[in-house]
Amino acid sequence: MKYLIAGLGNIGAEYEITRHNIGFLTLDRLADQQKVEFETLKLAMKAEFKHKGRQIHLIKPTTYMNLSGKAVNFWMQELKIPKENVLVITDDIALPFGKLRLRAKGSSAGHNGLKNIEQLTGGQNYARLKFGVGDNFHKGQQVDYVLSPFTPQEFDELPFIMDKACDMVLGFSTIGVNRTMSEFND
């Protein structure tokens, strides 16, 4: 059984520790835990490992957030991974900071990275792990907010929350989306 886990974010040092890059940061944490390293390949940085008989492929698209679907679709086809074995990790301003919510499918809710994945993979029926980054911004300041770094207090809390997100990724890959949702969703 093969799984594709796509952590969304933007490449470049200026985006590295921003809220919008929580997908990248979470996969970096999981790769560290699994003692694997990313290599730059077509449309993404990629790493892989085995867990409980499952082959888990991690990708961090190098296409920038709004074109994430190019990388997700390419690697789904390249690795012959069905959409039900795909999980996308993304930031979510509708959730309070640190809240994690796994969904089997759903709308993009205005998230451009998810919109592009929907367009290029043919619909909304793929799992997503939404990582709450809060909504502490004024009207019209959403882009600045998601592209800004975490506060020092948030940064201190991130490792614990990312560890839970990593556990949710492994759960998705072994016990499935429904059991993982019932065990982990707040």
Side-chain angles (χ1 to χ4, degrees), residues 1-11 21-92 95 100-131 162-185:
M1 293 280 280
K2 293 191 284 190
Y3 292 84
L4 180 65
I5 314 300
L8 302 191
N10 286 311
I11 56 172
N21 266 36
I22 196 62
F24 277 20
L25 294 168
T26 300
L27 288 193
D28 286 341
R29 183 117 180 138
L30 182 56
D32 287 347
Q33 290 174 358
Q34 298 294 324
K35 297 176 178 38
V36 295
E37 292 189 18
F38 283 92
E39 59 179 326
T40 301
L41 297 172
K42 185 170 182 176
L43 301 175
M45 292 172 276
K46 185 178 176 300
E48 63 185 82
F49 63 91
K50 281 196 181 324
H51 178 75
K52 295 187 177 180
R54 310 301 204 267
Q55 188 68 34
I56 301 174
H57 299 268
L58 309 177
I59 62 165
K60 299 188 303 183
T62 55
T63 55
Y64 289 99
M65 181 68 79
N66 295 353
L67 299 175
S68 297
K70 284 177 69 173
V72 172
N73 190 49
F74 173 82
W75 286 103
M76 279 175 61
Q77 305 306 318
E78 179 75 10
L79 299 167
K80 295 175 176 50
I81 296 178
K83 206 187 284 189
E84 61 268 18
N85 288 6
V86 173
L87 174 64
V88 175
I89 304 170
T90 185
D91 60 307
D92 193 321
L95 294 173
L100 297 169
R101 185 162 297 143
L102 180 64
R103 290 283 177 255
K105 59 186 177 187
S107 80
S108 65
H111 192 290
N112 290 330
L114 296 179
K115 276 185 199 171
N116 189 248
I117 292 169
E118 286 174 19
Q119 289 168 346
L120 296 178
T121 65
Q124 303 173 347
N125 58 333
Y126 60 89
R128 70 276 324 267
L129 175 54
K130 297 178 175 191
F131 197 117
M162 287 192 300
D163 286 346
K164 182 178 175 185
C166 292
D167 290 344
M168 292 172 82
V169 168
L170 297 177
F172 170 80
S173 305
T174 54
I175 62 174
V177 69
N178 291 325
R179 279 187 55 199
T180 303
M181 285 191 302
S182 65
E183 282 185 33
F184 286 96
N185 280 354

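It should be emphasised that the depicted structure is a prediction, and the values quoted were computed from it without experimental measurement.
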4.5 Å side-chain heavy-atom contact, Leu102 and Leu87: yes

pair Val86-Met76: side-chain heavy atoms closer than 4.5 Å: yes

Gap separating the CZ atom of Phe131 from the NZ atom of Lys164, nearest 0.5 angstrom: 10.0 Å

Side-chain H-bond candidate by donor/acceptor type, His111 with Thr90, under 3.5 Å: yes

Heavy-atom closest pair, residues Phe38 and Ala47: CD2-N, 3.7 Å

Any donor-acceptor N/O pair, Arg29 side chain to Met162 backbone, under 3.5 Å: no

NZ/Lys105: more than 12 non-hydrogen atoms of other groups inside 6.0 Å: no

Test item: Ile117 and Leu8 side chains (from C-beta on) under 4.5 Å apart, heavy atoms: yes

Side-chain touch Leu67/Asn116, heavy atoms, less than 4.5 angstrom: yes

Thr26, Asp28, Asn21 screened by side chain to side chain donor-acceptor pair (under 3.5 Å) with Lys60, the one that passes: Asp28

Non-hydrogen atoms of Met1 and Asn85 that approach each other most closely: CE-ND2, 4.1 Å

Any side-chain heavy-atom pair of Val36 and Glu48 under 4.5 Å: no

Leu170 CG to Tyr3 OH distance, which is reported to the nearest 0.5 Å: 11.5 Å

Check: Glu118 side chain, Ser108 main-chain N or O, donor-acceptor pair, under 3.5 Å: yes

Approximate separation, where rounding is to 0.5 Å, of Leu120 CG and Phe74 CZ: 13.5 Å

Between OG1 on residue Thr121 and OH on residue Tyr126, distance to nearest 0.5 Å: 6.5 Å

Beyond-backbone contact of Leu27 with Met45, side-chain heavy atoms, under 4.5 angstrom: no

Any Leu129 side-chain heavy atom under 4.5 Å of Phe172 side chain: no

Under 3.5 Å donor-acceptor, Ser68 side chain and Gly113 backbone: no

Closest non-hydrogen atom pair between Thr180 and Gly171, with its separation: OG1-C, 3.0 Å

Within-4.5 Å side-chain heavy-atom neighbours: Leu58 and Phe49: yes

Minimal non-hydrogen separation, Val72 against Ala6, with atom names: CG2-CB, 3.8 Å

Short side-chain to backbone donor-acceptor contact, Arg128 and Ser107, under 3.5 Å: yes

NZ on Lys130 to CG on Leu100, rounded to 0.5 Å: 12.5 Å

Minimum heavy-atom distance Ile11-Pro61, with the two atoms named: CG2-O, 4.1 Å

Test item: Lys2 side-chain N/O and Leu79 main-chain N/O as donor-acceptor pair under 3.5 Å: yes

Pairwise distance CE(Met65) to CG(Leu114) - rounded to 0.5 angstrom: 8.0 Å

Lys46 side chain to Trp75 backbone, donor-acceptor under 3.5 Å: no

